[in-house]
Structures are given as C-alpha cells and as structure tokens.
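Have a look at the structure below, then the notes.
When reading the values below, keep in mind they use all heavy atoms of this one structure, side chains included, and skip hydrogens, waters and symmetry mates.
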Amino acid sequence: MLGRKISDGLEMPREALDDTPLMTVCGNGEIIVENFKRILSFSENRVVVAVKKGCCNIGGENLKLEYIKRDIVKVRGRIYQISLSEGL
C-alpha cells in the first residue's frame, strides 16, 4: 500500500517500487518479464515464472530463454498463451 501511495504521489511506475511484475509482449514472438523471482519450469512448450504473489505461465512452441538477468527474463518463440495465477 505504501509503495502505491508513493508511486502515485511521485508519478513513478508502481513496479519500480514494489516488485510488481511488468510484462512486455512483442507480437507473438517475445515476452520480457521484469521483477520475476525465479523460473519454476521450462520446456519448449511452456515456461512458468514465479512473480510477486503468483506465477506467469507462458505457452507456445519452440520457447527459448533468450536471457536471464537479475530480475528480468526474456522468452522467445511462438507464444500462444500468457496467463497469471495467484499463489505458487
């Protein structure tokens, strides 16, 4: 709550203050997930990434982890589905 009040008052993105996941999707070939915690599972058809309060599930074909940095992961391939779920 405090992070939201501060970000609203300073006009800063909320994800910059409280680890809220930020997903950038480029067509159906690429997704970048920022503020992720860890990769829970990976195959060429599914990637499951733990984010604050849940998981980001990415489904598709020929999925590859293009890069992983401290809190950013980039997935490339033919992406058909992106969903968020609460809890791990």
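- Each of Val49, Val73, Ile82 was evaluated against Ile31; a single residue qualifies, Ile82, per the side chain to side chain contact (heavy atoms under 4.5 Å, CB included) test.
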Determine, step by step, whether Val51 and Met23 satisfy the side chain to side chain contact (heavy atoms under 4.5 Å, CB included) criterion, reporting the C-alpha distance in whole Å, the side-chain angles of both residues, the deciding distance to 0.1 Å, and the verdict.
CA-CA 11 Å; Val51 295; Met23 286 158 267; 5.8 Å; no

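- One finds the SG atom of Cys55 at 12.5 Å from the NZ atom of Lys37 (value rounded to the nearest 0.5 Å).
- Other residues, nucleotides and ligands place no more than 12 heavy atoms under 6.0 Å from the CZ atom of Arg78.
- Partners of Ser83 according to the side chain to side chain contact (heavy atoms under 4.5 Å, CB included) rule, which considers only residues two or more places apart in sequence or in another chain, are Asn57, Gln81.
- Hydrophobic clustering (ILVMFWY, side-chain heavy atoms < 4.5 Å, transitive): Ile79 and Ile32 are in distinct clusters.
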Show me the donor-acceptor pairs within less than 3.5 Å that the side chains of residues 61-71 make with the rest of the protein, sequence neighbours left out.
from	atom 1	to	atom 2	distance (Å)
Glu61	OE1	Tyr80	OH	3.3
Glu61	OE2	Tyr80	OH	3.3
Glu66	OE1	Arg76	NE	3.4
Glu66	OE1	Arg76	NH1	3.4
Glu66	OE2	Lys74	NZ	3.2

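- Transitive grouping of hydrophobic side chains (ILVMFWY, heavy atoms separated by less than 4.5 Å) brings Phe36 and Phe42 into a common cluster.
- Connection of Val75 to Ile72 is not established within any shared hydrophobic cluster, with ILVMFWY side chains joined at heavy-atom distances below 4.5 Å, either directly or through further cluster members.
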Verdict with reasoning, Asn35 to Lys52, per side chain to side chain contact (heavy atoms under 4.5 Å, CB included)
CA-CA 8 Å; Asn35 295 329; Lys52 182 179 181 181; over 6 Å; no

